[in-house]
Structure formats: structure tokens, C-alpha cells
Amino acid sequence: MIPTPDLSHLSTSDYRNIYEPSEDTFLLLDALEADEKQLKELNPSVCLEIGSGSGCVTTFLGCLLKPNQPYMITTDINPLAAVATVMTGKKNGVSIDTVQTSLVTNLLPRLHNSVDVLCFNPPYAVTPSEEIGGQGIEASWAGGVDGREVIDTMLPFVKELLSEKGIFYLLLISENKPAEVIELLQGDGFNAHICLQRLAGREKQFIVKVQR
Ligand SMILES: C[S@@+](CC[C@H](N)C(=O)[O-])C[C@H]1O[C@@H](n2cnc3c(N)ncnc32)[C@H](O)[C@@H]1O
């Protein structure tokens, strides 16, 4: 069992500004851990996480893949999340490059079809569309109509980013209409299915696993 990364350098006051790892984060960790063998056999060269928040997910993935650490890069629209991600990596012996940007702006074409593991725990809550676009804590949850607005902006990038052998893990909740998201990804030629799901209070969370 791979332990949850040491996050003791982050305090309650940090979590006023960056997303504190929660049930959704842990569902993503569980999906990665369940695929440990496959991920190790994949021998990834490049792992990308969009919206890394505290850095918990990418750090966990880096620990899972040790001693073969691939190039790990993350993005977050929130500048404080970018700082926290680097710190969390350092604290746990995982080297992470972080870019403060929206989704993958400025990473393409450099990462074109070269990402072997892609993770995204998006802002998925149903909110007014106007709440989207900030760079603070509200960016952690504000997902607009059906909680899908940021997700739908990101989906077309999957075919640009994933390598031939690449795997994409996406967290969704029921309100995001996972079946519809799966259909969109299948329309882009991917195999996509729900690999893990869990009830967190009243929220039903899913991990969609996507491959070519
Ligand atoms: C639900 S939180 C997940 C954080 C972390 N990955 C985790 O699982 O604990 C969503 C993250 O996405 C970031 N985010 C929101 N919109 C974004 C965008 N357009 N581009 C990059 N990151 C974004 C937020 O700042 C936040 O850190």
C-alpha cells in the first residue's frame, strides 16, 4: 500500500487558498493504486496533472512509480497551488515541474502526444457560469452548467496530449453526466469506462479511465 503523501507542510490557512485533498482526491489515488502494476509496466516517460492543487495526486503517482521516476509536470490556474505542488513534491522526494496556467496553455505543442499518464480532478461543482475564471480557491470547484464547463473545455486536448500508450484518469460526479462525457471521448476514438466509483456523502464520484 502506498501511503498518502506527507502534507504536513500545509496548514489550515493554506487550505483557505488551495484545495485541501478530499474524498475526490482520494478516489483518484485509489484508482492509480489499483492500476499500480499496469502503470509500472507502462513505464511512463511523462506524467501530466491538470489542476494539481496541493500536489497530492502527482506526488502519490511519483511515489507509486519509484524508483523509475518519469518527468512529472503539473498545471494549475491558482498560483498558490503551483507553489504548494512543488513543495509537496519536495517533501516527499518527487521532483515536479509546475506551470501556472489555464489547463494546458503553453504546454502544446511541446507535449503533443507524449503524455503517458494524464490526471484531472477538475472543478466539477454545478455553479453559475460567472463563477468560473478566477484564480483563487473558487477555481477548485466552480464548474458552471452541469459542472461541465471546464471539463468540456479540457476534453478536446486529450487527443492532443495522450501518447499511443497513454492513460487518462478523470474524476466526475453524477451531475457531470459521466455517460455523456464517455460518449464524447469515444467520439474522439478513445476507449473510456468508469473504473471506480464511490459515494461521498450525497455526492456520487466516478473515475473515468481513458485509453486509445
Ligand atoms: C477539485 S481541485 C483538485 C485539486 C487536486 N488535484 C486534488 O485532487 O486534490 C481542482 C483544481 O483545478 C484547478 N483549476 C481550476 N480551473 C483550472 C484551469 N482552467 N486550469 C488549471 N487548473 C484549474 C483549481 O485551482 C484546483 O486546484
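Fair warning: this is a prediction, and the values are worked out from it, not measured in the lab. When a ligand or atom number is given, it counts from 1 through the structure's own listing order.
Shortest contact from atom 1 (C) of ligand 1 to any protein heavy atom: Ser140 O, 3.2 Å. Scanning all protein heavy atoms for the shortest distance to atom 11 (C) of ligand 1 gives Gly51 O, 3.5 Å. Counting protein heavy atoms only, atom 25 (O) of ligand 1 is closest to Asp76 OD1, 2.6 Å. When only non-hydrogen protein atoms are considered, atom 15 (C) of ligand 1 lies nearest to Ala139 O, 3.0 Å. Protein heavy atom in closest approach to atom 20 (N) of ligand 1: Leu103 N, 2.7 Å. Closest to atom 22 (N) of ligand 1, if we only count protein heavy atoms, is Ile77 N, 3.2 Å. The nearest heavy-atom contact from the protein to atom 19 (N) of ligand 1 is Ser102 OG, 3.0 Å. Looking only at heavy atoms of the protein, atom 9 (O) of ligand 1 is closest to Thr25 OG1, 2.8 Å.
Evaluated for a side-chain hydrogen bond (donor to acceptor under 3.5 Å, both in side chains) with Tyr19, the options Asn78, Asp24, Asp76 yield exactly one hit, Asp24.
An N or O contact shorter than 3.5 Å links Asn121 to ligand 1 by distance. Some N or O of Glu49 is nearer than 3.5 Å to an N or O of ligand 1, by distance alone.
Applying the 4.0 Å criterion to heavy atoms of Pro122 picks out, from ligand 1, the atoms 1 (C). Residue Asn78 approaches ligand 1 through these ligand atoms, each under 4.0 Å from one of its heavy atoms: 25 (O). Close contacts between ligand 1 and Pro123 involve ligand atoms 15 (C), 16 (N) [criterion: under 4.0 Å to a heavy atom]. Listed by number with element, the atoms of ligand 1 under 4.0 Å from a non-hydrogen atom of Thr101 are 20 (N), 21 (C). Under a 4.0 Å criterion applied to the non-hydrogen atoms of Val57, ligand 1 contributes the atoms 8 (O).
Under a 4.0 angstrom heavy-atom cut-off, Leu28 registers as lying outside contact with ligand 1. No heavy atom of Ile137 sits closer than 4.0 Å to any atom of ligand 1.
Listed by chain and residue number, Arg148, Lys177 satisfy the side-chain contact (heavy atoms from CB on, under 4.5 Å) test with Asp146 (two or more places apart in sequence, or in another chain).
Nearest heavy-atom pair, Ala84 versus His9, reported as atom, atom and distance to 0.1 Å: O-NE2, 4.3 Å. When all heavy atoms of Asn121 and Thr25 are compared, the pair lying nearest together is ND2-N, 3.8 Å. Taking both residues in full, the closest heavy atoms of Leu155 and Asp188 are given as O-OD2, 4.5 Å, listed atom of the first, atom of the second, then distance. Of all heavy-atom pairs between Leu80 and Ile18, the closest is C-CG2, 3.6 Å.
Using a 3.5 Å distance cut-off with no hydrogens or angles, the side chains of Thr58 and Ser52 do not pair a donor with an acceptor.
Lys90 NZ: 12 or fewer foreign heavy atoms inside a 6.0 Å radius.
Contacts between Ser52 and ligand 1 below 4.0 angstrom, taking non-hydrogen atoms only, involve the backbone exclusively.
Here Glu180 contributes atom CD and Asp152 contributes atom CG; the two are 8.0 Å apart, rounded to the nearest 0.5 Å. Taken to the nearest 0.5 Å, the CD atom of Gln38 stands 11.0 Å off from the CG atom of Leu32.
The backbone N or O of Ser163 sits nowhere less than 3.5 Å from a side-chain atom of Asn113 that would complete a donor-acceptor pair.
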